[in-house]
Each structure stands twice: as structure tokens, then as C-alpha cells.
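Below is one structure, written out as C-alpha cells; comments come after it.
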2 protein chains.
Amino acid sequence: MARRAEIRRIAVRLALDNGLEAATTEAISAAADISRRTFFNYFGSKDEVFSLEPHQWTAEEIVAELRERPVREKPVESMRVVVQSMAAATDFAGFAAEWELLQQLYRRHPELYSRMKLDQADRAIAALVAEFGVRLGVDPAADLYPGMLVNAGFAALQAAENHSRTGDRDLASLIDEAFALLARGL
Amino acid sequence: MARRAEIRRIAVRLALDNGLEAATTEAISAAADISRRTFFNYFGSKDEVFSLEPHQWTAEEIVAELRERPVREKPVESMRVVVQSMAAATDFAGFAAEWELLQQLYRRHPELYSRMKLDQADRAIAALVAEFGVRLGVDPAADLYPGMLVNAGFAALQAAENHSRTGDRDLASLIDEAFALLARGL
DNA sequence: CACTCACATTGCACGGTGTGCAGAAAATGC
DNA sequence: GCATTTTCTGCACACCGTGCAATGTGAGTG
């Protein structure tokens, strides 16, 4: 597993230095001193080496987070806490240096970031909607509320992230503000 | 341009009949009776032939739609109208038959749909946020409201779409309901 | 040490996507 | 009928991703 992280680090470094274009699987493999074939043993695709994966929550973790909230808590509040913990997980994950590199890469290639987020997000949303359905005792296929709540929560995360990228405000406080808007009504 | 639509139709047909796997550029080209190279003259990528493009609003159209709303209208209401028109454009666009085929394909390959939506959505969101900034006389980089409003609006669209895919309710009324939740507060 | 068993690494061949280039072919204007 | 412009095409190439078989490599065992 250390190997995997090592390759990832080298690949990101390479992409930042010579451009994403130049970071072919061949070049990455050479830089990491492994064969192209071995690269694909560690990563299922070239994209995967630039993914958020190690810094990103999984759908399961997120649902677990939600389960820990008191059932009687207001749903928006539960969602807020969940989103905050997603943001916290993404923001640091304890590997400040490595994460910093990836962030640079994403800043330079926003389309890459979008693609990466898409993966987990879709699954996480579905899982959270189901769980809220259970907690609220409604059927998400019949009641719009759970779906709207979760999607709006992710929208808040996205709005806050975009904002903190341009401005200099703290992500956590932006999320709180976004949720305040949601709770109060736009 | 009729040619382009023709190729698209053939490609979608092929993917539905023989599976998305079998619909290689080679196979599509053969079925459309053109060379592989010519296929890439019409479409920049294989994905593009399965894109929402002809049934989809552009960022510019969406912003134009917003500009037509009275400035004093409540922002949520403006956003609701914009989203409704996006949904309407996506839903029919006058080509019921062709669109029906694409929908089948998307139903069979949800990941395809996600990827397709991502493209325009990112640009449309950015454009709408900027326009709301102007209309409301605030700087979107300093004020979270425009970003939150637009992202929440897209969240409403997504929630409504997911819902209408599983249930049988009318998309437009689902969108209205979603916006009612947003306006009132979750 | 010799042996084997598990496992990571590698080379190779292949099928697929996407692009630049230059020539053929077809449509268009005169 | 001929010239010009546009479209189509073949070809070569770089790149991604995968199956398969061979080759290390290292640990444990007798």
C-alpha cells in the first residue's frame, strides 16, 4: 500500500512539473521505475492515480456518520453535520503535503476535479437518501423530501467549496452559512 | 447538420441493439456507411455521439432565460422558472422519438448519463451565478447567496429527475414541489 | 542447501480511442 | 468543361487498457 501512495505522489509531481498532457502512463511508470503493465496493476485507469480516493470519504463512512446522529434531530441539522464531516475529511485527511499537491493539480484542471467528485458523490447521495428514508419513516420513491434534502446538502457543499476556492474564508463556516440559508429558506 | 443527426440516430440504435460495448467507432462508422475518420470529423469523441447535446440547453440559452425575468422577482422564483425551462427543454425538444431512444440508453447506462450532464452543468452554473450576482447587485465571490441559490436549484432539478425516473409523477410538478421546499426552508 | 509455493513484476500482443496529414473525391462556382 | 473549395478517406501514429504467459523473488520447510 505504501507503494501505491508512492506512485501516486510521483505521478502528481510529474503532472505538475511537465503538465497533465505529458504525464502519460509510460512517463509515470518510468518515473516510478516500474513497467507500464505494473502501473495498471496498481491503478485501474490513468484517472485513478489522480483521484481523491485516499482523501475522500466513502459512501459507507458517510452513512455511518449519519447513523450516529440522534434520530429526532432535525434532518437539516443531521445533514449539516454529515456535510461538515465530509468537508473535514476532504480538507485534510492528515496528509497536508500530499493533498496540497493534488489540490494544485485540480486547480489547474477543474474538469479533472469534477470527474473525480462525480464518482463517489452519486453513490453517496443514493445511500444517504435511502438512510434518511428509513430515519424519517418515509419512502424516498414516494416522498420528495429525502432526495431534496440530500441533494441540497451536496449543493451547499459545492457552493461552499467554490466559494472558499476564490475567497479566503474558512470552509466550515461557509458550509454553516449555506445550511443556514437552506434551513431558513432561500 | 442533418448528417450529424443521422449518424447519432444510427449510433444510438446500434448501442441499444447490440450493447454499448459493441458500439465501437468502427461499428458505428460501418453502420452509418462512413469511414472511422469521418466519424471523428463529426464527433470529437465517442461519448459525444451519445450526448444530450441536441436535447440540451446551452449555458447561454439558460442565462438568456434568466435575463427575461423581471429583476424584482424573487430570486428563488426566477431560478424556479429557469429550471422549469431547462427541464422542459431536456424533456422533449420536439424530437420525442429520438429522445426516447437516448433515454433508454441512459436508463441502461446511468454512468453515461452522469458524465453527459456534468459537461454543460458546470458551465451553466458558473454563468447563472455570475448573472444573479449582477441582478442582485452583489459580488458572488464575497456573497454566498447566488452560488447557493443556483446550486440548490440544480439540486432540485436532480432530485426531481431522479424521482420522476422511479415514480410516475410529472416532472414539472416535482420541480415545483422541490422549489417549494427550498423557498420555505427544509 | 534444495525445494516449492505464493505473489509481484514484466513483456507481449491485441483491441480500442483520438489526431495530424496528405491525397482522393465530390460539390460548387464561373 | 474547368478551377476551387469543401468533404471524405486512408494511413501512420500515440495513447489507454487488458488478457495471458513467463519470469523473478522471497519466505518458509524439510
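Note that the coordinates shown come from a computational prediction; the quantities given were computed from them, not determined experimentally. Just so it is clear: chains get the letters A, B, ... in the order the sequence lines come, proteins before strands, and each one is counted from 1.
Taking CZ of A:R108 as the start and CG of A:L20 as the end, the distance is 9.5 Å to the nearest 0.5 Å. For the atom pair B:E60 CD and B:R123 CZ, the distance stands at 5.5 Å (nearest 0.5 Å). With rounding to the nearest 0.5 angstrom, the CZ atom of A:F43 is 9.5 Å from the CZ atom of A:F50.
Between A:E6 and A:R3, no side-chain nitrogen of the basic residue sits less than 4.0 Å from a carboxylate oxygen of the acidic one, so the salt-bridge criterion is not met. By the 4.0 Å N-to-carboxylate-O rule, B:R169 lies close enough to B:E177 to be salt-bridged with it.
Among the candidates A:Q103, A:E161, A:R107, the single residue satisfying the side chain to side chain donor-acceptor pair (under 3.5 Å) test with A:Y113 is A:E161.
In the 5' to 3' direction, nucleotides of DNA chain C lying under 4.0 Å from heavy atoms of chain B begin and end at C:dG16 to C:dC21. Close approach of DNA chain D to chain A, defined as any atom under 4.0 Å from a non-hydrogen atom of the protein, starts and stops at D:dC15 to D:dC20.
Contacts between residues 32-40 of chain B and DNA chain C, defined by a heavy-atom separation below 4.0 Å, involve B:R36, B:R37, B:F40, listed by number.
When the nearest nucleotides of DNA chain D are assigned to A:F43 and A:E21 by heavy-atom distance, the more 5′-ward of the two goes with A:E21.
B:L144 forms part of a hydrophobic cluster together with A:L174, judged by ILVMFWY side-chain heavy-atom separations under 4.5 Å.
Evaluation of the side-chain hydrogen bond (donor to acceptor under 3.5 Å, both in side chains) test over residues 29-41 of chain A, restricted to residues two or more places apart or in two chains, returns A:T25-A:R36, A:S35-A:T38, A:R37-A:N41.
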Show every donor-acceptor pair shorter than 3.5 Å between a side-chain atom in residues 146-158 of chain A and any protein atom, with sequence neighbours excluded, or say none if there are none.
{"residue": "A:N151", "atom": "ND2", "partner": "A:G147", "partner atom": "O", "Å": "2.9"}

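Residue-environment remark: CD (A:E26) stays at or below the threshold of 12 foreign heavy atoms within 6.0 Å.
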